[in-house]
S.K.: 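Questions regarding the structure given below will be posed in turn.
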Amino acid sequence: MRETILTPQDFIYPIFVVPGKRIKNPISSMPDCFQESIDEVVKTSKEVFSLGIPSIILFGIPSYKDEKASSAYDEKGVVQTAIKAIKDAVPDLIVITDVCLCEYTSHGHCGIIKNGKIDNDATLEILALEALSHAKAGADIVAPSDMMDGRVGKIRKILDEEGFTDIVILSYSAKYASAFYGPFREAAQSAPAFGDRRSYQMDSANRKEALREVALDIEEGADIVMVKPALAYLDIISDVKNTFNIPVAAYNVSGEYSMVKAAAQLGWLNEEAVMMEILTAIKRAGADIILTYFAKKAAKLLQN
Ligand code: PBG
């Protein structure tokens, strides 16, 4: 009579890819997570696939950063090169790419800055080029996480014009300005050098606004919509699931992962039990897919 059953197929595993060879740098605030060079990413991708997890999402840490995020759409960039290597080695693994500028800008913001402010429309141009470069390299799904207005429509348009009509857009639609992203910014080396992300990410106090954001993204052509973070936003996941007839993804973010890891290391929580309870709750709330750093661990448990 159990209503919610987790399977490895529910998960997407996030991977941080860095230039170089034989690199596997531990991320101190995220135990068991690493920045990996492409050869290592290929090994991890094989492992992920063999565990029954259908998909990964790639985050790139580029070899250079500038004001214009030009490494974001470099054909020979770290993500573009990684996609090809993964597709060669594990062709049936679904490769998703995070489309954002914060990892590629020298100032760490998700957009282009003019006169000290984010220039929304100038940013759209770069995001579209970035998404296109990922599609050209062989990505199956692009996932814009920048929260600029109009980016889903812009990305859909350039992909269609260039013949990539089958590429899916997974939009980070309801993405909150959250302190739970702290450990990720260490992992992706993407903390903003000044200010914060409140001018483009959502206020955690807002519930109805999430539905407006999701409605806009669907209108612009999103195929899957995402709520992020997950654990403190189960009401939003449930609202989105019950309001729209579209697949819903939820991002069990870095801080949610690190909290459990830290408490477990101190012996204060049972890591496996808490992990499964959290993932089940996210699915119960309405998520069809869960992006989680726990994916491999949870899949191993589920396989047994
Ligand atoms: C890029 C991006 C972030 C995360 C995913 N994509 C960071 C941010 O918006 O600051 C966070 C993921 C996590 O915390 O696990 N914009």
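Every number for a ligand or one of its atoms is a count from 1 in the order of the listing. Residues take their numbers from the sequence shown, with the count starting at 1.
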S.K.: Going by the order shown, which atoms of ligand 1 are within less than 4.0 Å of some heavy atom of Cys100?
M.R.: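 So the atoms of ligand 1 that pass are 1 (C), 16 (N).
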S.K.: Please verify whether a non-hydrogen atom of Phe59 lies at under 4.0 Å from ligand 1.
M.R.: yes
S.K.: Can you tell me how far the NZ atom of Lys241 sits from the CD1 atom of Ile236, to the nearest 0.5 Å?
M.R.: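 Here the interatomic distance stands at 16.0 Å.
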S.K.: Could you give the distance from SG (Cys100) to CZ (Arg151), rounded to the nearest 0.5 Å?
M.R.: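 Output value for this atom pair is 9.0 Å.
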S.K.: Nearest 0.5 angstrom please: Leu291 CG to Ile57 CD1, how far?
M.R.: 5.5 Å
S.K.: Taking heavy atoms and a distance under 4.0 Å, where does Ser145 meet ligand 1: side chain, backbone, both or neither?
M.R.: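 For Ser145, the contact with ligand 1 is made by both the backbone and the side chain.
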S.K.: Starting from atom 9 (O) of ligand 1, which protein heavy atom do you reach first, and at what distance in Å?
M.R.: Lys175 NZ, 2.7 Å
S.K.: So, the side chain of Glu75 versus the backbone of Ser133: is there a donor-acceptor pair under 3.5 Å, distance only?
M.R.: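 Not at all, since once roles are kept as given, no pair shorter than 3.5 Å links the two residues.
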S.K.: Please walk me through it: do Arg197 and Cys102 pass side-chain contact (heavy atoms from CB on, under 4.5 Å)?
M.R.: CA-CA 10 Å; Arg197 303 211 201 289; Cys102 60; 3.8 Å; yes
S.K.: For Phe11 together with Phe294, are the ring centres under 6.0 Å from each other?
M.R.: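 Aromatic pair excluded; centres sit 6.0 Å or further apart.
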S.K.: In the protein, what heavy atom is nearest to atom 4 (C) of ligand 1, and what distance, to one decimal place, separates them?
M.R.: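 Answer, as residue, atom name and distance: Lys228 NZ, 2.6 Å.
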S.K.: Between Asp146 and ligand 1, find which residue part has any heavy-atom pair under 4.0 Å and reply side chain, backbone, both or neither.
M.R.: neither
S.K.: Looking at CG of Leu101 and CD1 of Ile112, how far apart are the two atoms once the value is rounded to the nearest 0.5 Å?
M.R.: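 Nearest 0.5 Å value for the CG-CD1 distance: 5.5 Å.
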S.K.: If only atom types and distance count, is the side chain of Tyr13 paired as donor or acceptor with the main-chain N or O of Ile53 below 3.5 Å?
M.R.: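 Such a contact is absent between Tyr13 side chain and Ile53 backbone.
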S.K.: Less than 4.0 angstrom from a charged side-chain N to a carboxylate O is my criterion; do Glu47 and Lys300 meet it?
M.R.: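 The answer is yes: the pair qualifies as a salt bridge.
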S.K.: Going by the order shown, which atoms of ligand 1 are within less than 4.0 Å of some heavy atom of Tyr251?
M.R.: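 Here the atoms of ligand 1 in question are 12 (C), 15 (O).
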S.K.: Which residue holds the protein heavy atom closest to atom 14 (O) of ligand 1, what is that atom called, and what is the gap in Å?
M.R.: Ser254 OG, 2.7 Å
S.K.: Could you tell me if any non-hydrogen atom of Glu256 lies under 4.0 Å from any atom of ligand 1?
M.R.: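 Contact check Glu256 vs ligand 1: negative.
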S.K.: Taking only heavy atoms of Arg197 into account, list the atoms of ligand 1 that are under 4.0 Å away from them.
M.R.: 8 (C), 9 (O), 10 (O)
S.K.: Closer than 4.0 Å to some heavy atom of Tyr293 - which atoms of ligand 1 meet that?
M.R.: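 Going through ligand 1 atom by atom, the ones under 4.0 Å from Tyr293 are 12 (C), 13 (C), 15 (O).
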S.K.: Tell me the protein heavy atom at minimum distance from atom 12 (C) of ligand 1, and give that distance in Å.
M.R.: Phe184 CD1, 3.3 Å
S.K.: In terms of atom number and element, which parts of ligand 1 are under 4.0 angstrom from non-hydrogen atoms of Cys102?
M.R.: 1 (C), 16 (N)
